[in-house]
Amino acid sequence: MQNYTIAEIDLSVLQSNMKIIKSIADGVKVLNIVKANAYGHGIVEISKASEQFGADALGVANVQEGVKIREAGVKLPILVLFQHFKDESDLVCKYNLNPIISNDECLDEYDKYLKKNGGSLNLYIKVDTGLNRMGARPEDVLELSKKVLSYDTLNIEGINTHYAAADMKDEHSKEFTNNQINIFNEVLNNLNKNGINIKNAHTANSAALISYKNTYFDMVRAGIILYGYTDSFYDLGIKPILSLKSHVVLVRNIKKGESISYGMTWTAQKDTKVAVIPIGYADGVPRKLSNNWEVKINNKYYPLRGRVCMDSIIAEIGNDNIKIGDEVLIFGNDKKLNADTLADKAGTISHEILVNIGERVKRIYK
């Protein structure tokens, strides 16, 4: 059965974005972030492509995501970015994942599994430099590191932190970010003084990669930039890799004075035609786009009319020769219609737009 509403993902653009990111990163390792179903793009396919195109490691949010891509055959190091639960410790070891820990909660569990089954585990320590979400406090990192190294089954592969406002341009945010960088450097220096050498320090998210070169350390984290979005992405040559598309399912004549969709929020000022498109907020088109977005059909833009429904949207096409079956671009690699401009209309960020693309939207890979 044909899918008329699809997310078309161009892996050649992913490869191009990765080349640009590697060039910006200036020789340090690149960790591709594939959490949240690879920001809606498909975690297995993007992980495999990342491995093929030269990523140094992958980042997932939780153990389940790590297990999924390991079982799919991915060999790259997989970092579990968020604190996992104690009863997931065996899975971390079994699937050779690299946990990022905030405390010593799971150390005994790792050690028990590894002593029973053999092998060792490379882990990371997260430092809380001001986001106050996860991570050990700076003053506690040395003690935690020493405790990790007291187990002959455990190694400290790296250390990291996360910035609260690297994407913001106001002076307070810049000052806050620079303070986070200073705190992280102090932690690294303290570890070095105590004979603990870290080979994979990483702090730069997509925003810091662009704006704070002093955050690169040994590895950078390519998140939203990997998928084609960050400040001035077109200026960098970075392009969106996903296009959300559907097709016209009905063309209807609307008379002057008739209203469209729920709540009668738009009324025709003249006789016109509309195209009904089978995609709605269940598929990732925010309801806030009601009367506030355009779609592209046959290389021309048409305004949405009436409320976005769960399963459909309606565009006014005037007297243009639009036919049933014509392709419709909702957003994608288009300067006017992309996840950034759509996010501005919806009062959110491109990350949320991408991860909210619904399950019934088939991902197609070019």
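Remember, it's a predicted structure, so these values are computed and weren't measured experimentally.
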Any chance you could measure L154, atom CG, to L114, atom CG, to the nearest 0.5 Å?
-> 6.5 Å
Cluster question for you: counting only ILVMFWY and a side-chain heavy-atom cut-off of under 4.5 Å, with indirect links fine, are V276 and W293 together?
-> no
With distance as the sole test, does K35 use its side chain to make a donor-acceptor pair with the main-chain N or O of G59 at under 3.5 Å?
-> no
Taking the six-membered ring for Trp and the single ring otherwise, decide whether the centroids of F184 and F217 are under 6.0 Å apart.
-> yes
Is the Lys NZ or Arg CZ of K126 less than 6.0 Å from the centre of F82's six-membered ring, within 45° of the axis?
-> yes
Report, as yes or no, whether the 6.0 Å neighbourhood of atom NZ on K22 holds more than 12 heavy atoms from other residues, nucleotides or ligands.
-> yes
Decide yes or no for N98 and E157: does some side-chain heavy atom of the first lie under 4.5 Å from some side-chain heavy atom of the second?
-> no
Atom OH of Y262: over 12 foreign heavy atoms under 6.0 Å = no
Name the one of R252, K273, R305 that satisfies side chain to side chain contact (heavy atoms under 4.5 Å, CB included) with I317?
-> K273
Taking side chain as C-beta onward, heavy atoms only, is P99 less than 4.5 Å from L121?
-> yes
Which heavy atom of K335 sits nearest a heavy atom of N338, and at what distance?
-> O-ND2, 3.2 Å
Joint cluster assignment, L304 & W266, ILVMFWY side-chain distance < 4.5 Å = no
Just say parallel, tilted or perpendicular for the rings of H351 and Y39, cut-offs at 30° and 60°.
-> tilted
Go through the side-chain N and O atoms of T153 and D111 and say whether any donor and acceptor fall under 3.5 Å apart.
-> yes
Could you go through the side-chain contact (heavy atoms from CB on, under 4.5 Å) check for F331 and L354 one step at a time?
-> CA-CA 10 Å; F331 70 83; L354 293 168; 4.0 Å; yes
Might you confirm whether atom CD of E71 has over 12 heavy atoms from other residues, nucleotides or ligands at distances under 6.0 Å?
-> yes
Is the side chain of S350 donor-acceptor paired with the backbone N or O of D340 at a distance under 3.5 Å, no angle test?
-> no
Scanning both residues in full, the closest heavy-atom pair of Q180 with T129 reads NE2-OG1, 2.8 Å
If you measure from the Lys or Arg side-chain nitrogens to the Asp or Glu carboxylate oxygens, is any gap between K174 and E171 under 4.0 Å?
-> yes
Verify the distance criterion only: is there a donor paired with an acceptor across the side chains of N356 and Y281 at less than 3.5 Å?
-> no
In terms of heavy-atom contacts, does NZ of K270 have more than 12 from other residues, nucleotides or ligands at under 6.0 Å?
-> no
Side-chain donor or acceptor of N179 paired with backbone N/O of E175 under 3.5 Å | no
Looking only at atom types and distance, does a side-chain atom of Y163 sit under 3.5 Å from a main-chain N or O of A204, one as donor and one as acceptor?
-> no
Heavy atoms from other residues, nucleotides or ligands near CG of N319 exceed 12 (cutoff 6.0 Å) | no
Take atom CE in M134; do more than 12 heavy atoms of anything else shown fall under 6.0 Å from it?
-> yes
What is the distance from atom CG of D128 to atom NE2 of H162, rounded to the nearest 0.5 Å?
-> 11.5 Å
Give a yes or no answer on whether the side chain of S50 reaches the backbone of I46 with a donor-acceptor pair at less than 3.5 Å.
-> yes
Does R70 reach the main-chain N or O of Y95 with its side chain, forming a donor-acceptor pair under 3.5 Å?
-> yes
Report yes if the side chains of N197 and N192 come closer than 4.5 Å at any heavy-atom pair, otherwise no.
-> yes
Between Y227 and the options L242, V13, I241, the side chain to side chain contact (heavy atoms under 4.5 Å, CB included) test singles out I241
Give a yes or no answer on whether the side chain of N103 reaches the backbone of E105 with a donor-acceptor pair at less than 3.5 Å.
-> yes
Quick one: does V355's side chain get under 4.5 Å of N37's, heavy atoms only?
-> no
Rounded to the nearest 0.5 Å, how far apart are CG of D334 and CG of L342?
-> 11.5 Å
Path from I364 to V361 over hydrophobic side-chain contacts below 4.5 Å | no
Would you kindly confirm whether F85 and L81 end up in one hydrophobic cluster when ILVMFWY residues are joined by side chain heavy atoms under 4.5 Å apart?
-> no
N253 side chain reached by D271 side chain, heavy atoms, under 4.5 Å = no
Taking it one step at a time, do V74 and K48 satisfy side-chain contact (heavy atoms from CB on, under 4.5 Å)?
-> CA-CA 6 Å; V74 172; K48 287 182 174 181; 4.1 Å; yes
Which value, rounded to the nearest 0.5 Å, describes the distance between I9 atom CD1 and L14 atom CG?
-> 10.0 Å
Which heavy atom of Y302 sits nearest a heavy atom of I322, and at what distance?
-> OH-CD1, 3.8 Å
Looking only at heavy atoms, what is the nearest atom pair of D326 and N298, with distance?
-> OD2-ND2, 3.2 Å
Pick from L329, I277, V248: which one makes a side chain to side chain contact (heavy atoms under 4.5 Å, CB included) with V295?
-> I277
Audit row: R287, R307, side-chain contact (heavy atoms from CB on, under 4.5 Å) steps and yes/no | CA-CA 7 Å; R287 198 165 178 265; R307 286 197 179 141; 3.4 Å; yes
Ignoring hydrogens and geometry, is there a side-chain-to-backbone donor-acceptor pair from E51 to K75 under 3.5 Å?
-> yes
Per the side chain to side chain contact (heavy atoms under 4.5 Å, CB included) rule, which among V60, L97, L58 passes with E65?
-> V60
With no hydrogens and no angle check, do the side chains of D283 and T5 hold a donor and an acceptor under 3.5 Å apart?
-> no
Heavy-atom nearest pair, E327 first then H247, reads CA-CD2, 3.6 Å
Group every Ile, Leu, Val, Met, Phe, Trp and Tyr by side-chain heavy-atom contacts under 4.5 Å, then state whether I260 and V285 land in the same group.
-> no
When you measure from the side chain of S173 to the backbone N and O of K169, does any donor-acceptor pair fall under 3.5 Å?
-> no
Starting at CD1 of I125, measure out to CG of D140 and round the result to the nearest 0.5 Å.
-> 11.0 Å
Give a yes or no answer on whether the side chain of E109 reaches the backbone of C106 with a donor-acceptor pair at less than 3.5 Å.
-> no
side-chain contact (heavy atoms from CB on, under 4.5 Å) between N132 and R137, intermediate numbers included = CA-CA 9 Å; N132 281 312; R137 290 196 172 276; 4.1 Å; yes
Heavy-atom closest pair, residues H202 and L79 | NE2-CD2, 3.8 Å
Which value, rounded to the nearest 0.5 Å, describes the distance between I198 atom CD1 and S145 atom OG?
-> 6.0 Å
Salt-bridge present (K336, E294; N to O < 4.0 Å) | yes
Would a line drawn from the ring center of Y229 to the ring center of H41 be shorter than 6.0 Å?
-> no
For the residue pair S206 and T230, confirm or rule out a side-chain donor-acceptor distance under 3.5 Å.
-> no
From CA spacing to verdict: side chain to side chain donor-acceptor pair (under 3.5 Å), D108, Y151 | CA-CA 9 Å; D108 281 344; Y151 293 87; 2.4 Å; yes
Charged N to carboxylate O below 4.0 Å: is that the case for R360 and D311?
-> yes
